Amino acid sequence: MKVLAILTAALAFVATDARAEIVVFKNGRSMSVKSVRLDTEFATMMLREGGEVTFPSAIIARVDPDEVPYPSDEPEPAAEVAVAPPIAFELVSDAVLAARPFADLISTVAASYQLDARLVHAVIEQESNYQPRARSKKGAKGLMQLMPDTARQYGVRNSYDPKSNLEAGVRHLKDLMSRLDLPTALAAYNAGEGTIKRYGGLPPFPETQTYVRNILRRVGN
């Protein structure tokens, strides 16, 4: 919230169609863009070469005016890039969750690690849609899509075994949540904790941003 307040105050002095601004990220990197606009917890950069990128504003340290502005007679884009509306999720009842595949196992394992079973359901639904034999192109396997390194870290010999996969996935998520807030922990589960450290928070990857938003909506956040 503090970052948002600072950015909002800084941008209040600049028109939304400002010709050039420098975005300075918390990891020390910077990027010159046509303009930046804020929408609640997200920032959208209009790129110099065209197009736009949306990412969490928490990774921004500050926004400075660029000393190399665009020519004032530069034509405006004919139309903004269409952005798909966010997916709406209704909070499902406990009875519905209890009827989902592996519900009893999920409840037992979640309780043993003091995690909300609804959160575990949300991660599984996003990761594999309850398919125990799911495998991603990057090699993630099983219900909670364990990467090989994660499986080895938690002593999993068969990532397709629902119980072993679930226990390791829940332990991994619990470990991440012990040192990160929930949105950042979910981003780390999806993109890797090294990526989170590299960007100083949620990375500007549309896949990861959508992943986090979908899970938070499923748990009612």
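Because the structure is a prediction, the values reported are computed rather than measured. The figures here come from the full heavy-atom set of this structure, side chains too, leaving out hydrogens, waters and symmetry mates.
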**Request:** Could you tell me which non-hydrogen atom of Gln145 sits nearest to which non-hydrogen atom of Asn165, and how far apart they are?
**Result:** N-OD1, 4.2 Å
**Asked** What distance separates Glu125 CD from Arg118 CZ, expressed to the nearest 0.5 Å?
**Response** 11.0 Å
**Request:** Could you check if a side-chain atom of Val156 sits within less than 4.5 angstrom of a side-chain atom of Asp161, using non-hydrogen atoms only?
**Result:** no
**Complete:** Minimal heavy-atom distance between Ala117 and Ala110, with the atoms involved, is CA-CB, 3.8 Å
**Prompt:** Within a radius of less than 6.0 Å around CG of Asp104, do more than 12 heavy atoms belonging to other residues, nucleotides or ligands occur?
**Reply:** no
**Complete:** Residues Ala191 and Pro203: closest non-hydrogen pair is CB-CG, 4.4 Å
**Message:** Quick test of your reading of the model: are Glu167 and Lys163 salt-bridged, counting only N-O distances below 4.0 Å?
**Reply:** yes
**Prompt:** Do Phe205 and Met147 share a hydrophobic cluster, counting only Ile, Leu, Val, Met, Phe, Trp and Tyr and linking them when any side-chain heavy atoms are less than 4.5 Å apart?
**Reply:** no
**Request:** Of all the heavy-atom pairs spanning Tyr130 and Pro101, show the shortest one and how long it is.
**Result:** CD2-O, 3.5 Å
**Asked** Does Leu119 reach the side chain of Leu173, with side-chain heavy atoms less than 4.5 Å apart?
**Response** yes
**Asked** Shortest non-hydrogen contact from Val219 to Ala122?
**Response** CG1-CB, 3.9 Å
**Message:** Could you report the tightest heavy-atom contact between Tyr160 and Ala134, atom names first, then the distance?
**Reply:** CE2-O, 3.7 Å
**Item:** Separation of Arg217 CZ from Gln126 CD (nearest 0.5 Å)
**Value:** 10.5 Å
**Asked** Excluding sequence neighbours, so at least two apart, what forms salt bridge (charged side-chain N to carboxylate O under 4.0 Å, His left out) with Glu127?
**Response** none
**Message:** Return the CZ to CG distance between Arg218 and Leu97, rounded to the nearest 0.5 Å.
**Reply:** 11.0 Å
**Stepwise side-chain contact (heavy atoms from CB on, under 4.5 Å) check, Ile124 with Ile106** = CA-CA 10 Å; Ile124 291 173; Ile106 291 170; 3.6 Å; yes
**Prompt:** Measuring from Thr150:OG1 to Arg171:CZ, what's the distance to the nearest 0.5 Å?
**Reply:** 11.5 Å
**Message:** Ring-plane angle category for Tyr189 and His172, please: parallel below 30°, perpendicular beyond 60°, tilted otherwise.
**Reply:** tilted
**Prompt:** Once you round to the nearest 0.5 Å, how far does CZ of Arg198 lie from OG1 of Thr195?
**Reply:** 4.5 Å
**Item:** Thr210 side chain vs Pro206 backbone, donor-acceptor pair below 3.5 Å
**Value:** yes
**Item:** side-chain contact (heavy atoms from CB on, under 4.5 Å) between Ser164 and Asn158, worked out
**Value:** CA-CA 7 Å; Ser164 298; Asn158 179 9; 5.9 Å; no
**Request:** Group every Ile, Leu, Val, Met, Phe, Trp and Tyr by side-chain heavy-atom contacts under 4.5 Å, then state whether Ile196 and Ile215 land in the same group.
**Result:** no
**Message:** What's the separation between atom OG in Ser107 and atom CG in Leu115, rounded to the nearest 0.5 Å?
**Reply:** 12.0 Å
**Message:** Can you pull out every salt bridge (charged side-chain N to carboxylate O under 4.0 Å, His left out) where at least one residue sits in residues 130-145? Sequence neighbours excluded, please.
**Reply:** none
**Request:** Could you give me the CA-CA distance, side-chain angles and deciding distance for Val123 and Leu186, then say whether side-chain contact (heavy atoms from CB on, under 4.5 Å) is met?
**Result:** CA-CA 8 Å; Val123 172; Leu186 291 172; 4.0 Å; yes
**Request:** Would you please say whether a donor-acceptor pair under 3.5 Å links the side chains of Asn190 and Thr208?
**Result:** yes
**Asked** More than 12 foreign heavy atoms under 6.0 Å from CZ of Arg157: is that the case here?
**Response** no
